[in-house]
Number of protein chains: 4
Amino acid sequence: METARPGRSRSEASRLAILEATRDELVERGYDKLSLERIAAAAGVGKQTIYRWYPSKSALVAEGVLHGHLMDHIDLPDTGDIRADLTHWLMAFAGAGPESDSAALIRATSAATAEDETVAARYEEQVTVVVRTALRARLTAGMEVGQVRRDAPVTAVVESLVGTVLFRVLTRQPVSAEFVADLVSLLFSGIGGSDSTPRV
Amino acid sequence: METARPGRSRSEASRLAILEATRDELVERGYDKLSLERIAAAAGVGKQTIYRWYPSKSALVAEGVLHGHLMDHIDLPDTGDIRADLTHWLMAFAGAGPESDSAALIRATSAATAEDETVAARYEEQVTVVVRTALRARLTAGMEVGQVRRDAPVTAVVESLVGTVLFRVLTRQPVSAEFVADLVSLLFSGIGGSDSTPRV
Amino acid sequence: METARPGRSRSEASRLAILEATRDELVERGYDKLSLERIAAAAGVGKQTIYRWYPSKSALVAEGVLHGHLMDHIDLPDTGDIRADLTHWLMAFAGAGPESDSAALIRATSAATAEDETVAARYEEQVTVVVRTALRARLTAGMEVGQVRRDAPVTAVVESLVGTVLFRVLTRQPVSAEFVADLVSLLFSGIGGSDSTPRV
Amino acid sequence: METARPGRSRSEASRLAILEATRDELVERGYDKLSLERIAAAAGVGKQTIYRWYPSKSALVAEGVLHGHLMDHIDLPDTGDIRADLTHWLMAFAGAGPESDSAALIRATSAATAEDETVAARYEEQVTVVVRTALRARLTAGMEVGQVRRDAPVTAVVESLVGTVLFRVLTRQPVSAEFVADLVSLLFSGIGGSDSTPRV
DNA sequence: CAGTAACCGAGACGGTACGTCGAGTCTTACA
DNA sequence: TGTAAGACTCGACGTACCGTCTCGGTTACTG
C-alpha cells in the first residue's frame, strides 16, 4: 500500500471541475481552439493543477470525453431483435445531429486521437475493447437464436460500425434513420450476388 | 474575362512550394503542431503569400492534402475479381502502416475535418463523392457479372469502407491483410444467420 | 551602411511608450514587483516587442531610467560659488524626499544595478563618467579661482558624493539641507586635526 | 517563562539551516533570483517553517545577511593610526573584489533595502547605528590625540564612507587600495583651496 | 517604354496561449 | 502541536505563432 504519502492530498473536486469545464469548452469551441487557461479559469483552478493531473491537452481531452460522455452510450441492451438493438445503439452513440454535443465531443476525441498516439492507445483500450466486449455478447446471444452467423468477424464488425459513424460525424453528415437502416442491412445481408464466393 | 489585370501575376512556384512544405510538416508533426511560419520559411515564401492563397490553416491543409495525396489512391481498377480489387484499394488508401506518410496525412486530414466545417464540406465533395462515383462504377460492373447484389446501398458501402479504414488509422492499428480480408468478407456475406430478416 | 533591411521597420512610438510605462510602474511599485505584462498592457504593446528591444528586465529599467530621468539632473552650473553649486546639484539629484519619484527611480536603478552586471557597466558608463566629466570641469573652474585644491581626487569626490546620496535614498532617509551642508563641508574642509598628516 | 508549552518546540537548528541556505543562495544567484522553495529544499525544511519565522522574502534576507555577515566586519580597532584603521576597515567591509561573497551579499542587501522599506529601517538600525557608534568612538579617540577635528560631522562621515563603498560594489568596481587611500585622504584633508570658506 | 498596380520576401506589430516557476496558503501524516 | 512534504490558487515569466501591416524591391500589363 502506498496511500500514506505526506503532504496535502489531491483535490478530487478540482479534477471533476476541470473535466466538466473541458467538456463545456470542447462542445462550444472544438479541440484546437481549446485553451487550458480558459478551462482553468472556468473551473476555478490553477493551470498547474491541470498539468499535475494530465500531461497534455490531448490526454485531458481523452480523459474528459471518454469518461464523461462516451461511456454513457456504450451499453447494448438485448430486446430480442438484434437489428433494432444495433440501430438504436448506433443512433444513440452518434447523437441527435451534426450540431449535437455528442457529435462535437466525438469530433474532439477524434482530433485528440489523431494528434497523440498515447491517446490513441487509450481510446483503443477504453472504447474499442469495451464496445467489442458488449457487441460480442450481443452477437453471441444472436447466434443462439439463429439471427447471427456463428463465424461473424467481431472485430471487423465493431470497427466498421464505429468507424462508419465516426466518418459521418467528422464530415458533418447526419446519422439519420435511413442511413443507419442501410448500414445495418448491409451488415446483415452483405452485398454479395449469386456468383460471389459462397459462405464457408 | 478577368485575366487582363494590371500588376504582377501570382507565382505558381510559390504555391507549389507552399503545398509541398505543408505536406512535409503534416507528416512530420501533425495537424495541430503545424506552423504557418515554419511552412513559410521552408517554402522560402512570405507569410502574406500563404494568406493570399488560403484563408486559414485548415483550408491550406485541405487543399494540400486532398490534391497532393489522397487523390492519388482513388482510382479503382477492374480486374474482374471485385473482392481483390476492393482489398487492394483499401490497403493502398491506408498506406503501409501506422507510421507511413499516408497514415499521417489521413490523421492530419481527419483533425482538420473535425475542426472546421468548411473543410468537412470540401472533404465530402472532393473525397467522398469521387470515391462513391468510382465505387458505384465498379459495383455496377460487378452486378453485371453477378458478383454484387443489384440493390447494394452504395453510400453505406462507401462510407463504411472509408470510415473503417479511417478508424484503424486514427487508432494507430495496422490495416493488415487479415483485417481487410475480414472486412471484405463481412461486406459481401454479412453476418445474418438463418433466422435473420430475408433479403428484400 | 546597413539601414536598408527588408521588413517593416521598428516602431519608435512603441519604444517610447514602453519606456514611459516602465517609469510609471517603477515609481508606483518598485523594481522587483515590476511586471513586463503590466508594462506591455499599459503601453498598448505586445510583450514580444519589449523583448525585441531589451533583452532583460534589468536592461529595460536601465535604459528607461537612465535616459528618461537621471540624465536630466546631471548638468552642474557654475554660479561662482562652488559649494552652493554642489549643494544644489546634490539635492536636485536626490529629489524632494524618500517618497519622491526621483528617489523611487534611484532605488529601482540601484536594484537593477545590483542584479545585473551588464547594467552595472552601463550605469558606470552613462552616469559615473558623465558626472565625473561635469564635476571635473566645475572643479577645474573652482581651482582657477582658488576655491578648490589643485590635487583634488576627482574620482573619489564623484563617487563619494553619488554614493552618499545613494545610501541616503536606499535607506529612505531624507536628503535634507542640513545633511547636504554637512556633506559639502566635510568635502571641503575634511576632518583632519592639527596632528593629521599635512597636505602634500 | 514560555518553554513549558505542549507540543514540539521550534527548532533552532532549522532556523540556522534556513539562514545558511539563504546566504548560499544570495551569493550564488543574487536577490531577485532568490527562491524560497530552493532555500527550503536546501535547508531540509518545509516552506511553512520559513514563513513562521520571517514574514517575507526581504525580511529573511535582512535577517540572514545582517546577522550572518555584515556584523562580522563592523568592529573598528584602534591602533593609534586613525587613517590606517579606517582604510583597513573599509577594505574589510567591501571584501576582496567584485566577485567576492562579501560583495555579493552587499549587493543583495542593497536590492532588498531598495525594495522594502521595513528592511531599509532594519538596515538603518542594525548597520548604520552600529557603525556610527563604533566610528564615533574611534573619532573621539582621534580627537583626543589631535588627529581629528573636534567638530567632525559624524553622521556625514559614516554615510559617506559606507555609501561610497556601496557605490563601488554596486557598480562592480574594485575597492582597491588606491581608491581607499584617495577616499581617506579626501576625508581628512578636504578639497578646499586657499579661498574656500574658512573653517567655522 | 514609362507608369503603375499588384505581387514578392522579409519581418515587426498587437495579441493569445503555451508550459514552467515561484509565492504564499492550506492540508495531510508523522513525531 | 510543530514539522516535512506537497497540493492548492494565483500571477508572471519568456517563447511560439497567429493574422495583419509595412517595408524595399520585382514583374508585367497599360496608356
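The structure displayed is predicted, hence computed values, not measured ones. Reminder, nothing fancy here: chain letters follow the sequence lines and each chain counts from 1.
Distances shorter than 4.0 Å separate none of the side-chain N or O atoms of C:Arg8 from OP1 or OP2 on F:dT20. For the pair D:Ser14 and F:dA4, the criterion of a side-chain N or O lying under 4.0 Å from OP1 or OP2 is met. Close to E:dG22, at under 4.0 Å from its OP1 or OP2, lies a side-chain N or O of D:Arg38.
A salt bridge links D:Glu12 to D:Arg15: one of the charged nitrogens lies within less than 4.0 Å of a carboxylate oxygen.
Two residues, B:Ser56 and A:Ser9, neighbour DNA chain F, and the one matched to the more 5' nucleotide by heavy-atom proximity is A:Ser9. Residue order along DNA chain E, read from the 5' end via each residue's closest nucleotide, puts C:Pro6 first among A:Gly7 and C:Pro6.
Atom C1' of nucleotide F:dC18 and atom CG of B:Asp116 are separated by 16 Å, given to the nearest angstrom. Between the CD1 atom of D:Ile18 and the C1' atom of F:dG2 there is a distance of 13 Å, given to the nearest Å. Rounded to whole Å, the distance from CD on A:Glu12 to P on F:dA7 is 15 Å. Spacing between atom CZ of A:Arg5 and atom C1' of F:dT3 amounts to 18 Å, rounded to whole angstrom units.
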For a side chain to side chain contact (heavy atoms under 4.5 Å, CB included) check, start with the C-alpha distance between D:Tyr31 and D:Ser110, then their side-chain angles and the critical distance, and finish with the verdict. CA-CA 9 Å; D:Tyr31 177 74; D:Ser110 300; over 6 Å; no
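More than 12 heavy atoms of other residues, nucleotides or ligands shown are found within 6.0 angstrom of CD on A:Glu124.
Using a 4.5 Å cut-off on side-chain heavy atoms (C-beta onward), C:Ile39 and C:Leu60 make contact. Between D:Arg107 and D:Leu170, some side-chain heavy-atom pair lies under the 4.5 Å cut-off. Counting heavy atoms from C-beta on, the side chains of B:Tyr54 and B:Leu19 come closer than 4.5 Å. Within the 4.5 Å cutoff, no side-chain heavy atoms of A:Tyr123 are placed close to those of A:Val65.
Residues from residues 29-37 of chain C lying near DNA chain F, meaning a heavy-atom separation below 4.0 Å, are C:Leu34, C:Ser35, C:Leu36, C:Glu37 in numerical order. Near DNA chain F, defined here as any heavy-atom distance below 4.0 Å, the residues from residues 39-55 of chain B are B:Lys47, B:Gln48, B:Tyr51, listed numerically.
A pairwise comparison of heavy atoms in B:Glu115 and A:Gly30 identifies OE1-C, 4.3 Å as the closest pair.
The distance from atom NZ of A:Lys33 to atom CD of A:Glu28, rounded to the nearest 0.5 Å, is 12.5 Å.
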